Amino acid sequence: MLDYDREAASYDATRGGEARAEAAAEAIERLLPESARVVVDVACGTGIVTARLRRAGRRVAGVDRAAGMAAVAGARMPGGVVIGDAARLPFAGGSADAVTLVWLLHLLDHDTSAAVLAGAARVLRPGGTLITTVDKTAAVYRAGDERVARARDACVPQASDALDRVLAVGAGHGLAMAGRTTFAGLGQGRSPRAWAEILGGPDAGWTRHADPAVVAGLREHLAGLPDQDLPGPDPIYPLVALVKG
Ligand SMILES: C[S@@+](CC[C@H](N)C(=O)[O-])C[C@H]1O[C@@H](n2cnc3c(N)ncnc32)[C@H](O)[C@@H]1O
């Protein structure tokens, strides 16, 4: 995982900024019941999404493990952010109407993501709503080149945030699917040249498990595409709501 303490200063500018955060917050609002008065945003990062969820009559708390990210979030939401681990949430059982997880589960291994889902279920009151992104990295690749996406699909194991897996783990904690929507990663579309660079760098970890000749072929294919510096479409990120029975 990235060192998010280091990322804190550049995170907002490099992850779609205010436009992406607004799109994510709007999508969360579509899934949040009107009645949600206490919302916990887990892995709130810089709070760029979290702060947008505040409303009159709704209390929103952010929690993040990285002190650097939490400090930026705390400046946005004074008194509203705590440092803590998503797998051991520092909130009482049954205390939240909703828990949100935006872009967390895909970063975790299977055991940790299962612990995070269990922790979220514990903190939710009966009838409360968990809202989480799913299939995040797959969405990034789906917005890019089809051949690259197919090659990646062929050599990655099931992601920690795969929808089927989140539903299966959630079911074990009394969570059942209640809704779904998407939001655009505005400004995150990548050009063929940018994709070729990604395939040659550390961010595309799956390429280490792929046949080097296949990866070289993909980079050659990308280099031969027109409009080398024209960004492709923005990724469309799926977001789901699960309700605790
Ligand atoms: C990709 S960022 C997403 C931030 C924010 N949700 C957003 O959408 O802008 C992932 C965040 O998860 C946090 N994180 C990673 N593992 C965590 C854990 N076990 N507990 C709490 N936060 C964690 C990182 O510090 C980072 O701030």
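Note that the structure is a prediction, hence the values are computed from the model and not measured. Ligands are counted one by one from 1 in listed order, and the atoms in each one are counted from 1 as well.
- The minimum heavy-atom distance between Ala178 and Val243, with the atom names listed, is CB-CG2, 3.4 Å.
- Here the side chains of Ile48 and Arg15 are not in contact, with every heavy-atom distance at 4.5 Å or above.
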Short N or O separations between ligand 1 and the protein, below 3.5 Å:
{"from": "ligand 1", "atom 1": "6 (N)", "to": "Ala43", "atom 2": "O", "distance (Å)": "2.7"}
{"from": "ligand 1", "atom 1": "6 (N)", "to": "Val102", "atom 2": "O", "distance (Å)": "2.8"}
{"from": "ligand 1", "atom 1": "8 (O)", "to": "Arg20", "atom 2": "NH1", "distance (Å)": "3.0"}
{"from": "ligand 1", "atom 1": "8 (O)", "to": "Arg20", "atom 2": "NH2", "distance (Å)": "3.4"}
{"from": "ligand 1", "atom 1": "9 (O)", "to": "Tyr11", "atom 2": "OH", "distance (Å)": "3.0"}
{"from": "ligand 1", "atom 1": "9 (O)", "to": "Arg20", "atom 2": "NH2", "distance (Å)": "2.7"}
{"from": "ligand 1", "atom 1": "19 (N)", "to": "Asp85", "atom 2": "OD1", "distance (Å)": "3.1"}
{"from": "ligand 1", "atom 1": "20 (N)", "to": "Ala86", "atom 2": "N", "distance (Å)": "2.8"}
{"from": "ligand 1", "atom 1": "22 (N)", "to": "Arg65", "atom 2": "N", "distance (Å)": "3.2"}
{"from": "ligand 1", "atom 1": "25 (O)", "to": "Asp64", "atom 2": "OD1", "distance (Å)": "2.6"}
{"from": "ligand 1", "atom 1": "27 (O)", "to": "Asp64", "atom 2": "OD1", "distance (Å)": "3.3"}
{"from": "ligand 1", "atom 1": "27 (O)", "to": "Asp64", "atom 2": "OD2", "distance (Å)": "2.7"}

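- Scanning both residues, Thr129 and Ile131, for their nearest heavy atoms gives CG2-CG1, 3.8 Å.
- Enclosure of atom CZ in Arg37 by more than 12 non-hydrogen atoms of other residues, nucleotides or ligands within 6.0 angstrom is indicated.
- Other residues, nucleotides and ligands place more than 12 heavy atoms under 6.0 Å from the CZ atom of Arg54.
- Within the structure, ring pair (Phe, Tyr, Trp, His ring centres under 6.0 Å) contacts touching residues 219-243 (residues at least two apart or in different chains) are Trp103-Tyr237, Phe183-Tyr237.
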